[in-house]
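What follows is one structure encoded as structure tokens, with my remarks underneath.
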Amino acid sequence: MRKFDGVQQERLLRALGEARTALVASAEAMPRKSVPRASLELLVANIDEVAQILTGSREYFWTRPHATPGE
């Protein structure tokens, strides 16, 4: 497996994050259970798999909940 240096990995993760955001927004605009939406959701899942390989976290791009101050 090819190893990325820190700069390359950060650049790749940034690009994947932007693509994932666009894919999620597009999928949400499509009818549920439609083939195009399923295809976009599969791409999002694949991006999450790449994130797991690169960072060790499949949830790397998932929205993090806002913490309440003091918690």
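Scope of the values below: all heavy atoms of this structure, side chains included, with no hydrogens, waters or symmetry mates. We count residues from 1, following the sequence as given.
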Considering non-hydrogen atoms only, spot the tightest contact between Leu40 and Ala27 and give its length.
CD1-N, 3.6 Å
Sort and list the pairs that fulfil side chain to side chain donor-acceptor pair (under 3.5 Å) and have at least one residue in residues 30-47, not counting sequence neighbours.
Arg37-Glu41
Would you name the heavy atoms of Tyr60 and Ala51 that are closest together and state the gap between them?
CB-CB, 3.9 Å
Test item: Leu12 and Gln8 side chains (from C-beta on) under 4.5 Å apart, heavy atoms
no
Leu16 CG to Gln9 CD distance, which is reported to the nearest 0.5 Å:
10.5 Å
What do the steps show when you test Phe61 against Leu13 for side-chain contact (heavy atoms from CB on, under 4.5 Å), and what is the final call?
CA-CA 9 Å; Phe61 294 115; Leu13 287 168; 3.9 Å; yes
Apply side-chain contact (heavy atoms from CB on, under 4.5 Å) to residues Asp48 and Trp62 and explain how you reach the verdict.
CA-CA 9 Å; Asp48 289 342; Trp62 295 13; 3.2 Å; yes
